[in-house]
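Written out below as structure tokens is the structure these notes cover.
A quick note: this is a predicted structure, and the numbers were derived from the prediction, not measured.
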Amino acid sequence: QVQLVESGGGSVQAGGSLTLACAASGYTGSSYCMGWFRQAPGKEREGVVTAYTGGGGTYYYDSVKGRFTISQNNAKNTLYLQMNSLKPDGTAMYYCAAAKLGPVYCATGGHQTDFPYWGQGTQVTVSS
């Protein structure tokens with residue numbers, strides 16, 4: 001069973017930066033499509049970025065393009081989300097998710113309903 005644990009959330013002023021981490025365990029076999037999603041108060045959960053752990057297959061949603069960067073440390077089974085130039089509308093619970101899907105799918109951004117494994121989330125609050 002894949003388990004995901006997010007960390008790194010916190011409070012930051014607009015224009016600031018945060019780096020989130022997602023520690024994964026329980027992987028079996030092939031690479032996975034990993035994703036960061038977020039849910040703001042009173043809003044539906046939305047995609048942030050997806051990436052294939054085997055390389056490639058990265059998709060940034062328009063709202064974060066040019067400001068957020070996804071990376072991974074395969075030796076530590078950890079996924080990172082570097083968030084720069086944060087805006088108040090970035091205030092949300094950020095979730096890490098995983099699915100045993102390939103790079104072609106991952107490069108489309110996917111859909112959250114296709115991700116069976118989820119972390120508990122980490123809160124990010126951006127003040128103006």
- [ ] Determine, using the 4.5 Å side-chain heavy-atom cutoff (strictly less than), whether Leu101 and Tyr32 are members of one ILVMFWY cluster.
- [x] no
TODO: For side chain to side chain contact (heavy atoms under 4.5 Å, CB included), just list the numbers for Met83 and Tyr94, CA-CA rounded to whole Å, side-chain angles, deciding distance to a tenth of an Å, and then say yes or no.
DONE: CA-CA 12 Å; Met83 306 185 294; Tyr94 283 72; 3.8 Å; yes
Task: Closest non-hydrogen atom pair between Ala98 and Pro116, with its separation - done: O-CD, 3.2 Å
- [ ] State whether the side chain of Gln1 and the backbone N or O of Gly26 hold a donor-acceptor pair below 3.5 Å, judged by distance alone.
- [x] no
Task: side chain to side chain donor-acceptor pair (under 3.5 Å) evaluation trace for Asn84 with Ser17 - done: CA-CA 4 Å; Asn84 297 327; Ser17 299; 2.9 Å; yes
Task: Side chain proximity check, Met34 to Leu4, heavy atoms < 4.5 angstrom - done: yes
Task: Side-chain donor/acceptor of Gln123 to backbone N/O of Gly9, under 3.5 Å - done: no
Task: Tyr59 side chain reached by Thr108 side chain, heavy atoms, under 4.5 Å - done: no
Open item on the list: For residues Tyr117 and Ile70: do they belong to one hydrophobic cluster (side chain heavy atoms under 4.5 Å, members Ile, Leu, Val, Met, Phe, Trp, Tyr)?
Closed with: yes
- [ ] Find out whether Val126 and Val124 are in side-chain contact, i.e. whether some heavy atom of one side chain is under 4.5 Å from a heavy atom of the other.
- [x] yes
TODO: Find the distance between OG1 (Thr53) and CD (Gln72) and round it off to the nearest 0.5 Å.
DONE: 6.0 Å
Open item on the list: Would you say that Arg67 contacts Lys87 through its side chain, given a criterion of any heavy-atom pair below 4.5 Å between the two side chains?
Closed with: yes
- [ ] Kindly confirm or rule out a cation-pi arrangement of Arg38 over Tyr95, judged by NZ or CZ under 6.0 Å from the six-membered ring centre and within 45° of its axis?
- [x] no
- [ ] Give the minimum heavy-atom separation between Ala14 and Pro88, together with the two atoms involved.
- [x] CB-CD, 4.0 Å
Task: side chain to side chain contact (heavy atoms under 4.5 Å, CB included) partner of Tyr60, chosen from Val48, Thr50, Thr69 - done: Thr69
Open item on the list: Quick one: does any side-chain atom of Thr125 pair with a main-chain N or O of Ser11 as donor and acceptor, under 3.5 Å?
Closed with: no
- [ ] Locate the shortest heavy-atom distance separating Gly121 from Met93; write the atom from each residue and the value.
- [x] C-SD, 3.7 Å
Open item on the list: Side chains of Trp36 and Cys22, heavy atoms from C-beta outward: is any pair under 4.5 Å?
Closed with: yes
Task: Heavy-atom side-chain contact between Phe68 and Leu86 under 4.5 Å - done: yes
- [ ] May I ask whether Val49 and Phe115 are part of the same hydrophobic cluster, defined by side-chain heavy atoms of I, L, V, M, F, W, Y residues being less than 4.5 angstrom apart, directly or through others?
- [x] no
- [ ] Mark yes or no for whether Asn74, through its side chain, and Asn77, through its backbone, hold a donor-acceptor pair below 3.5 Å.
- [x] no
- [ ] Looking only at non-hydrogen atoms, find the nearest pair between Phe37 and Ala97 and report the distance.
- [x] CE1-CB, 3.9 Å
TODO: Applying side chain to side chain contact (heavy atoms under 4.5 Å, CB included), run through Asn73 and Tyr80 and close with a yes or a no.
DONE: CA-CA 8 Å; Asn73 183 326; Tyr80 300 97; 3.9 Å; yes
TODO: Of all the heavy-atom pairs spanning Tyr105 and Cys33, show the shortest one and how long it is.
DONE: CD2-SG, 4.3 Å
Open item on the list: Looking at Thr91 and Asp89, would you say the former's side chain and the latter's main chain have a donor-acceptor pair under 3.5 Å?
Closed with: no
Open item on the list: Are Leu81 and Val2 connected into the same hydrophobic cluster when the rule is that any two of I, L, V, M, F, W, Y join if their side-chain heavy atoms are below 4.5 Å apart?
Closed with: yes
Open item on the list: Taking Val5's backbone N and O only, do any of them form a donor-acceptor pair with Gln120's side chain (distance below 3.5 Å, no angle check)?
Closed with: no
Task: Ser127/Gln13 under side chain to side chain donor-acceptor pair (under 3.5 Å): CA gap, chis, key distance, verdict - done: CA-CA 5 Å; Ser127 59; Gln13 288 192 325; 4.8 Å; no
TODO: Give the minimum heavy-atom separation between Cys96 and Leu79, together with the two atoms involved.
DONE: SG-CD2, 4.3 Å
